[in-house]
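For reference, the structure discussed in these notes is given below.
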Protein chains: 2
Amino acid sequence: MELSTTAYVVLGMLREQPRSGYEIKQAVDNSTRFFWAASYGQIYPELKQLAAAGLVKGEPHSQGERKSTVYRLTAAGRKELRRWLEREPKTFEMRDEGLLKLFFSVAASPESAAQSIATKRRYHENKIEQLRAIEPLAKSSADPYPYIVLRHGIELSEWTIGWCERAERELGRESRRRAA
Amino acid sequence: MELSTTAYVVLGMLREQPRSGYEIKQAVDNSTRFFWAASYGQIYPELKQLAAAGLVKGEPHSQGERKSTVYRLTAAGRKELRRWLEREPKTFEMRDEGLLKLFFSVAASPESAAQSIATKRRYHENKIEQLRAIEPLAKSSADPYPYIVLRHGIELSEWTIGWCERAERELGRESRRRAA
DNA sequence: GCATGCATGTAAGGAGTTACATGATTCA
DNA sequence: TGAATCATGTAACTCCTTACATGCATGC
């Protein structure tokens, strides 16, 4: 049984309660998005395949008047999730266009280098705001892991902002040195 | 003119000297790999397309007996690189399977959580070693930017190792608390 | 003579995003 | 009544990796 990592994200999001595809997407956007994103274009087909494989089971659900299909883990699905969790993680990837531009900045104006850093800093300032907004919820949960991971996100962005400030000062010194 | 980011990596790697596809791949592996990787399967087709678009020019080259095609930036290619460098960076993505497993760890044994963190720590310890190996070369260059970016890589991995150690201690306290 | 590295490429497939499409419901 | 949100899905496309294929050159 070879599943994509995003399939395990779907399974994982059903670990505590049944959810619809729409709710899984919301849960991803409120938690794992910054280190593993998923779009509707993945989630809905994935749910179908997981149901066909017997790892989840969909049931029609009506709350009030609105109808949806909520999925729950089957015993096989829970076992498969656990099996995956117990294997060593493999994938670690970054795609950072800002660092890339900074790397090549000798081929552009010093202002572009500064801009690449400033954009990076703003991205992480914004990210911290979003993460802090969900922090109270995560902190109050009985499950300690999501909060630990959330703290990773916040602290990583704090570190990155600090790095950007140091790099900005360094480039400032550099350009004054060249001007002198 | 809509180019992929990896096309700009190729252009960027030609900013200072002409290189063959093989040499571009080596340069990527020794520098941008950790925040923007590229495979032969991308580089060679990309070089053809860039040549067809007039942004690079390939010339047969023989050093000793070995023959290769080295590419250099055309004026249009240099201009396009510069134009890209001066736009704000957009893409910032992470795919961290270790954080994902840690996030879902309530559905597995406490040992899996510890293992996810330990694997993450080892990955970054290994990465630091690789980056330190290329540090002297980067430091001695007249172009200051690659060294700044390399320092980012080293310091980020150092920070991550520190985070892993803190998380390990926290999980240790947590499990002792539950055992008590 | 053989392994390693240099050097270039293609084909197939997986993973993921984006845009599009549809329709119901809720709230202002 | 109209905008926003809930809810589900598909099609086209891009990007990228992996596996495969080839052949020469170098050094042990």
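The chains referred to below are lettered A, B, ... by the order of the sequence lines, with proteins before strands, and numbering in each begins at 1.
Counting only residues at least two apart or on different chains, the side chain to side chain donor-acceptor pair (under 3.5 Å) pairs with a member in residues 41-50 of chain B are Ser4(B)-Glu46(B), Thr6(B)-Gln42(B). Within the structure, the salt bridge (charged side-chain N to carboxylate O under 4.0 Å, His left out) test picks out the following pairs touching residues 121-130 of chain A (sequence neighbours left out): Arg121(A)-Glu125(A), Arg121(A)-Glu168(A), Arg122(A)-Glu88(B).
Residues passing the side-chain contact (heavy atoms from CB on, under 4.5 Å) test with Pro146(A), sequence neighbours excluded: Arg15(A), Asp143(A), Phe103(B). Shown here are the salt bridge (charged side-chain N to carboxylate O under 4.0 Å, His left out) partners of Arg151(A), two or more places apart in sequence or in another chain: Glu135(A), Glu155(A). Contacts of Glu111(A) classified as side chain to side chain donor-acceptor pair (under 3.5 Å), with partners at least two apart in sequence or in another chain: Ser109(A). Listed by chain and residue number, Glu174(A) satisfy the side chain to side chain donor-acceptor pair (under 3.5 Å) test with Arg177(A) (two or more places apart in sequence, or in another chain). Residues forming a salt bridge (charged side-chain N to carboxylate O under 4.0 Å, His left out) with Glu165(B) (at least two apart in sequence, or on another chain): none. For Arg95(A), the salt bridge (charged side-chain N to carboxylate O under 4.0 Å, His left out) test picks out no residue, with sequence neighbours left out. Remark: Glu158(B) pairs with Arg132(B) by the salt bridge (charged side-chain N to carboxylate O under 4.0 Å, His left out) rule, at least two apart or across chains.
Of the residues in residues 24-44 of chain A, those lying under 4.0 Å from DNA chain D by heavy-atom distance are Tyr40(A), Gly41(A), Tyr44(A). A heavy atom closer than 4.0 Å to some atom of DNA chain D occurs in no member of residues 13-22 of chain B.
Checked against dG9(D), dG9(C), dT17(D), the side chain of Lys48(A) finds its nearest nucleotide in dG9(D). Side-chain proximity of Thr69(A) to dT8(D), dT8(C), dC15(D): nearest is dT8(D).
For the helix from dG1(C)-dC28(D) to dA28(C)-dT1(D), the angle separating the two terminal helix axes comes to 30°, with each axis derived from five pairs and the value rounded to 10°.
Under the 4.0 Å criterion applied to side-chain N and carboxylate O atoms, Lys101(A) and Glu97(A) are assigned as salt-bridge partners.
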